Amino acid sequence: MAIRELATFNIVRKGEDYRITIEDASGETTEFTADYDALDLISEAIDEALDSDEEEVLEVDEDEEEEK
């Protein structure tokens, strides 16, 4: 299976569950349902991924700062 580029995603509460709609760059959409616990696990995984890369991504290039 080829890896597709994420274009948009949406999460909407439907009753006790959530509907997650993911659209790729070509316009193809996929829908999932998830309960609160599954959505919480997704949230934790996103936080961990962002936290592990935070310093690298937000690091200011010292040469650029000196030029300003």
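Residue numbers run from 1 in the order of the sequence given. No hydrogens, no waters, no symmetry mates; every other heavy atom, side chains included, goes into these values. Everything numeric here is computed off the predicted structure, so don't read it as measured data.
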Return the set of residues passing salt bridge (charged side-chain N to carboxylate O under 4.0 Å, His left out) with Glu28 (not counting sequence neighbours), or none when no residue passes.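 Per chain and number, Glu28 pairs via salt bridge (charged side-chain N to carboxylate O under 4.0 Å, His left out) with Arg4.
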
Taking only residues two or more places apart in sequence, or in another chain, which ones meet Asp40 in a salt bridge (charged side-chain N to carboxylate O under 4.0 Å, His left out)?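 None.
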
Indicate every side-chain donor-acceptor pair of residues 8-21 with a distance under 3.5 Å to a residue at least two apart or in another chain.
{"residue": "Thr8", "atom": "OG1", "partner": "Glu23", "partner atom": "OE1", "Å": "3.4"}
{"residue": "Arg13", "atom": "NE", "partner": "Gly15", "partner atom": "O", "Å": "3.0"}

Between CG on residue Leu41 and OG on residue Ser43, distance to nearest 0.5 Å: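 Atom-to-atom, Leu41:CG and Ser43:OG are 9.5 Å apart.
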
Is the CD atom of Glu31 crowded by more than 12 outside heavy atoms at less than 6.0 Å?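 Atom CD in Glu31 is crowded, with more than 12 foreign heavy atoms closer than 6.0 Å.
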
Which residues satisfy the side-chain contact (heavy atoms from CB on, under 4.5 Å) test with Asp37, sequence neighbours excluded?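 By the side-chain contact (heavy atoms from CB on, under 4.5 Å) rule, Asp37 matches Asp35.
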
Going by the rule side-chain contact (heavy atoms from CB on, under 4.5 Å), which residues pair with Ile3 if we only count those two or more places apart in sequence or in a different chain?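 If we apply the side-chain contact (heavy atoms from CB on, under 4.5 Å) test to Ile3, skipping adjacent residues, there are no hits.
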
side-chain hydrogen bond (donor to acceptor under 3.5 Å, both in side chains) involving Ser26 - partner list, sequence neighbours excluded: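 Ser26: side-chain hydrogen bond (donor to acceptor under 3.5 Å, both in side chains) contacts with Asp24.
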
